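Please read all numbers here as calculations on a predicted model, not as lab measurements. The sequence lines fix the lettering, A, B, ..., with proteins before strands; numbering per chain opens at 1.
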2 protein chains.
Amino acid sequence: MADLMTNISIMRKSRSAAVPVETVLPADELHFDLIELLFFAYRDFVSDPDEVLAKLGFGRAHHRVLHFVNRNPGMKVAELLDVLKITKQSLGRVLKQLIDEGYILQKEGANDRRQRLLYVTAAGAALAVKLAGLQTARIARVLAELGPDAREAARRFLAGMIDAEDREHVLRLISRSDSLANGSRARNGAP
Amino acid sequence: MADLMTNISIMRKSRSAAVPVETVLPADELHFDLIELLFFAYRDFVSDPDEVLAKLGFGRAHHRVLHFVNRNPGMKVAELLDVLKITKQSLGRVLKQLIDEGYILQKEGANDRRQRLLYVTAAGAALAVKLAGLQTARIARVLAELGPDAREAARRFLAGMIDAEDREHVLRLISRSDSLANGSRARNGAP
DNA sequence: GTCATTAGGTCAGCCATGTTGACATATTTT
DNA sequence: AAAATATGTCAACATGGCTGACCTAATGAC
């Protein structure tokens, strides 16, 4: 623990020095504001859906599953596991409930009959859109307040925050969903 | 559940119509990209601290407590509860561990002796700074990639995402911490 | 055609962190 | 003296992560 304090001492000294010292991470440049803003923003960002979900006996875990299945109709269980980065046992619990209650259904893969491709039902799509609508309303209000460049700036900042190794994969997922979701939802809404 | 589908139908129709219909929330304007970017960005944003904390037997809950106490030396338990928006029982569990393991300590309030004012110890400050440094490194990389306006744009976007009722309070907390943290950490590091 | 691999499911139990409700103690306020 | 406040604590429960073990069905390699 003592070695950790060394950093602090270095940082204090660098404050009084006229020229910047080669500090590991100057305390005065810690982005406390953005760290805390991310915490508060995310907390409130998920709070609107939470209320709706609670009435249905669902939680955030259900929301994530429903959201990504809605956005990627026909996705494989393995893909969903990869996106959510949870274990199949954790996924299994919430997925089973969503299936039992009629929000998601599975179809055998055409090529590979081991696969269980995931689709939202009509009710599932409705709920997913309702929840996305709540979050969109919050986002849209902010973007309207901030002007035309805010959206792209937010996109770039958030995309940059993603782990470099995952970033391309995630961005591809997001844009692939963009093109898929509208066309396929109409066809596959109740497959 | 049927009434939920009404929205969908309206939205589908608005797609094929030449003129925009008065939709509740057009599906084509749902901010799916930002919704998902926030999910992935936040997930990775907390992942670096998580690894460090896990080695110490702590979790995210400990991180939040340590962070805000470090940033607001001498804050009251009630204030911390208000910021974190959890119950005192939940807080009590993690706070007790942080105190027992020497990262946080309490002092009786000078005016009101019922109060237990919270301070980080030297070890607590070191850990808090270390964790903030990890998150700062991620943020700094992004800001450097995006140019000089990115920081203010991110601040505005994230601040706007906070519930309107809380926003002023939170922003005051963040700026109050800015002015407090540096001066008081030196004085109160080991009170 | 057999066998290893893959996709997925399931059971059992543990852990972290949130919740409610009830109650205790010390201190301050009225 | 009584009421209100700040904090702590016990007990019980829910959610949603985790590991480990084991199962079926289907595919792919040889």
Distance in angstrom units between Ile86(B) CD1 and dA16(C) P, rounded: 16 Å

Side-chain atoms of Lys88(A) come closest, of dG8(D), dG13(C), dG9(C), to dG9(C)

Measure from the side-chain heavy atoms of Gln89(B) and tell me the nearest of dA11(D), dT10(C), dT7(D). dA11(D)

For the pair made of CE in Met75(B) and C1' in dA6(D), what is the distance, rounded to whole Å? 15 Å

If I take atom CG in residue Leu80(B) and atom P in nucleotide dT7(D), what distance separates them, rounded to the nearest angstrom? 10 Å

Taking it one step at a time, do Gln106(A) and Leu118(A) satisfy side-chain contact (heavy atoms from CB on, under 4.5 Å)? CA-CA 5 Å; Gln106(A) 298 176 300; Leu118(A) 301 170; 3.6 Å; yes

Side chain of Gln115(A): nearest nucleotide among dA7(C), dG9(C), dT17(C)? dA7(C)

Could you check how far CG of Asp112(B) sits from P of dT28(C), rounded to whole Å? 6 Å

Along DNA chain D (nearest heavy atom to each residue), the more 5'-positioned of Glu79(B) and Arg93(B): Glu79(B)

Among dC18(D), dA4(D), dG8(C), which is the nearest nucleotide to the side chain of Ser90(A)? dC18(D)

Among the nucleotides dG18(C), dT7(D), dG16(D), whichever has the atom closest to the side chain of Arg64(B) is dG18(C)

Rounding to a whole Å, what distance do you find between Glu108(A):CD and dA26(D):P? 7 Å

Taking only side-chain N and O atoms of Gln106(B), does any of them lie within less than 4.0 angstrom of OP1 or OP2 on dG8(D)? yes

Regarding Gly92(B), tell me which of base, sugar-phosphate or nothing describes its non-hydrogen contacts under 4.0 Å with the strands shown. nothing

Among dT28(C), dG17(D), dA22(C), find the nucleotide with the atom closest to the side chain of Arg113(B). dT28(C)

So which heavy atom on Val83(A) is nearest to which on Arg43(B), and how close? O-NH1, 2.8 Å

Between CZ of Arg116(A) and P of dG9(C) the distance, given in whole Å, is 6 Å

Closest of dT19(D), dT7(D), dT17(C) to the His62(B) side chain is dT17(C)

Which of these nucleotides, dG9(C), dA21(D), dT5(D), is closest to any side-chain atom of Arg114(B)? dT5(D)

So, applying side chain to side chain contact (heavy atoms under 4.5 Å, CB included) with Leu134(B), which one of Val46(B), Ile139(B), Val52(B) is it? Val52(B)

State plainly whether the residues Arg114(B) and Glu108(B) are in salt-bridge range, i.e. N to O under 4.0 Å. no

Distance in angstrom units between Leu56(B) CG and dA16(C) P, rounded: 13 Å

Could you give the NZ-to-C1' distance, from Lys76(A) to dG9(C), as a whole number of Å? 17 Å

Which is true for Asn111(B) with a 4.0 Å heavy-atom rule: it touches a base, it touches only sugar-phosphate, or it touches nothing? sugar-phosphate

Choose from dT17(C), dA6(D), dA12(C) the nucleotide whose nearest atom is closest to any side-chain atom of Ala61(B). dT17(C)

Nucleotide nearest Thr87(B) when distance is taken to its side chain, options dT19(C), dC18(D), dG9(C): dT19(C)

Sugar-phosphate only, base, or nothing, as touched by Arg60(B) at under 4.0 Å among non-hydrogen atoms: sugar-phosphate

May I ask you to say whether Arg156(A) pairs ionically with Asp149(A), meaning some side-chain N is under 4.0 Å from a carboxylate O? no

Taking the side chain as every heavy atom from C-beta outward, state whether Leu66(B) and Phe58(B) have any atom pair closer than 4.5 Å. no

